[in-house]
Protein chains: 2
Amino acid sequence: MSLRIALLGLLTASGPSSGYDLAKKFETSVAHVWQAGHSQIYPELAKMSADGLVAVEAEGARGRKIYRVTPDGDAELRRWLLAHDPSTTVRSETALQSFLVPLLEPGEALTVMRRLKDRGEAHLSELEALRVRKDAVMDPAHRWGMFGAYALDLGLRQARCFVEWADDSIADIERRAGAGQGAPDPT
Amino acid sequence: MSLRIALLGLLTASGPSSGYDLAKKFETSVAHVWQAGHSQIYPELAKMSADGLVAVEAEGARGRKIYRVTPDGDAELRRWLLAHDPSTTVRSETALQSFLVPLLEPGEALTVMRRLKDRGEAHLSELEALRVRKDAVMDPAHRWGMFGAYALDLGLRQARCFVEWADDSIADIERRAGAGQGAPDPT
DNA sequence: TGTGGCATGTAATACGTTACATGATTGG
DNA sequence: CCAATCATGTAACGTATTACATGCCACA
């Protein structure tokens with residue numbers, strides 16, 4: 001379901017596009033929110049076309065098909081945004097590692113936590129680069145100037161907050177390890 | 001893969017348990033990090049047993065099977081924690097809604113954002129309740145006293161940060177809507 | 001003319017969700 | 001003895017990942 005919605009959203013914001021274009025936009029804009037590769041996108045567009053949510057507007061060179069959103073598609077998108085209660089299921093390998101890290105010895109735990117912090121910092125830089133690019137490209141005259149902007153802001157805040165957490169956790173593990181070595185269990 | 005790891009982690013921390021026990025623990029402890037129902041857990045335990053990562057220690061009343069982690073399982077868990085670079089794929093309906101929300105009229109956008117904020121606050125309360133319960137139960141004498149604690153801390157921070165973001169975004173949408181009405185497009 | 005990037009798709013496999021199905025045991 | 005909950009599983013379906021496969025077109 002959500003893949004459809006993401007595609008309808010991109011098509012609405014960018015105007016008529018081919019599957020290839022949409023796959024690109026997935027990589028460069030929605031990626032921090034939802035992921036999908038071309039092998040998922042092409043069949044989904046075909047199904048959406050069968051369901052009347054999108055339509056082939058034109059067929060360009062090398063079999064390129066240009067899709068546009070139909071009124072039904074627009075209604076579906078709005079309905080989902082307004083009425084669908086987003087599922088709360090989370091599945092994050094990063095969070096799972098952080099969950100399990102106390103099973104390791106302090107030294108090993110530090111290795112893992114530092115790697116998590118590095119990944120977090122890398123992720124933060126990516127989002128910051130994205131923001132800069134977006135600021136440069138963003139057209140306030142365009143009807144959907146804020147498209148993706150709130151989500152990007154959320155991503156940036158969470159990424160900063162992740163790095164802070166990693167720092168504090170590393171400090172905590174170091175403190176406990178030090179206490180454990182210096183004075184054995186001062187309970 | 002990650003499901004195996006989560007199961008190995010829970011088995012390590014809680015000692016020998018049945019599939020049923022593990023399913024419960026999934027709900028009450030790992031849930032904010034990884035989700036799985038019993039229909040996924042039972043077959044996975046069977047496969048893990050075939051692969052030698054866990055072993056049936058005893059068979060109790062009503063066909064209850066008690067699994068424990070084997071040395072191979074322990075090695076697998078450690079290897080994953082130390083060497084596996086966590087995948088960065090995200091798939092969050094909440095974030096997708098926040099991404100697409102600028103496609104709506106300001107009024108509709110506010111409805112959606114306020115719902116997102118409500119969900120965020122609810123999630124925050126759940127995690128806070130979990131922390132209280134955990135603080136009450138946590139046994140510092142136990143070998144893995146911090147099991148799950150770093151992840152919970154991360155969850156709490158991100159949840160707070162989410163609510164802040166929702167507040168700021170709501171304010172931003174209100175501001176833009178007000179500006180749009182009061183003085184039509186002051187560019 | 002051939003290499004690289006554009007552009008589209010399918011197939012096999014893995015992972016997840018929902019629904020179905022069954023039987024044992026405990027407590028009222 | 002009946003209901004609730006313990007406890008285990010399977011089947012059908014939907015979604016996601018990886019790999020395979022093909023052809024067009026521009027440019028060197």
Could you please spell out the steps behind the salt bridge (charged side-chain N to carboxylate O under 4.0 Å, His left out) verdict for B:Arg64 and B:Asp21? CA-CA 10 Å; B:Arg64 188 185 163 92; B:Asp21 296 337; 2.7 Å; yes

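- There is a side-chain donor-acceptor pair under 3.5 Å between B:His84 and A:Glu93.
- Residue B:Glu93 contributes atom CD, which lies 16 Å from atom P of C:dG16 at whole-angstrom precision.
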After noting the C-alpha distance and the side-chain angles of A:Glu76 and A:Arg4, does the key distance pass the salt bridge (charged side-chain N to carboxylate O under 4.0 Å, His left out) rule? CA-CA 9 Å; A:Glu76 173 73 5; A:Arg4 296 188 155 211; 5.9 Å; no

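- Residue B:Thr28 holds its OG1 atom at 7.5 Å from CZ of B:Arg133, rounded to the nearest 0.5 Å.
- Atom CD1 in B:Ile66 sits roughly 15 Å away from atom P in D:dC6 (whole-Å rounding).
- A straight line from CG of B:Asp51 to P of C:dA14 spans 12 Å, rounded to a whole angstrom.
- Listed candidates were C:dA7, D:dT10, C:dT10. Nearest to the side chain of B:Pro43 is D:dT10.
- Checked for salt-bridge contact, A:Arg176 and A:Asp172 meet the test: a charged N lies under 4.0 Å from a carboxylate O.
- Rounding to whole angstrom units, CD of residue B:Gln40 and C1' of D:dA11 are separated by 15 Å.
- Contacts with DNA chain D (heavy atom under 4.0 Å) in residues 1-24 of chain B: B:Ser18, B:Gly19, B:Tyr20, B:Lys24, listed by number.
- One atom, CD1 of A:Ile41, and another, C1' of D:dT18, lie 15 Å apart when rounded to the nearest Å.
- Residue B:Arg64 has its side chain nearest to D:dA7 when only C:dT18, D:dA7, C:dA11 are considered.
- The side chain of B:Arg91 contributes an N or O atom lying less than 4.0 Å from OP1 or OP2 of D:dA16.
- Distance A:Lys25 NZ to C:dC6 P: 14 Å, rounded to the nearest Å.
- Between the CD atom of B:Gln35 and the P atom of C:dT17 there is a distance of 7 Å, given to the nearest Å.
- A:His38 has its NE2 atom 14 Å from the C1' atom of C:dG5, to the nearest Å.
- Classification of A:Arg78 and A:Asp74 as a salt-bridged pair holds, one side-chain N sitting under 4.0 Å from a carboxylate O.
- Within the structure, every side-chain polar atom (N or O) of B:Tyr42 is placed at least 4.0 Å from both OP1 and OP2 of D:dG9.
- The salt bridge (charged side-chain N to carboxylate O under 4.0 Å, His left out) analysis of residues 144-167 of chain B, with sequence neighbours excluded, yields the pairs A:Asp168-B:Arg157, B:Lys117-B:Asp167, B:Asp153-B:Arg157.
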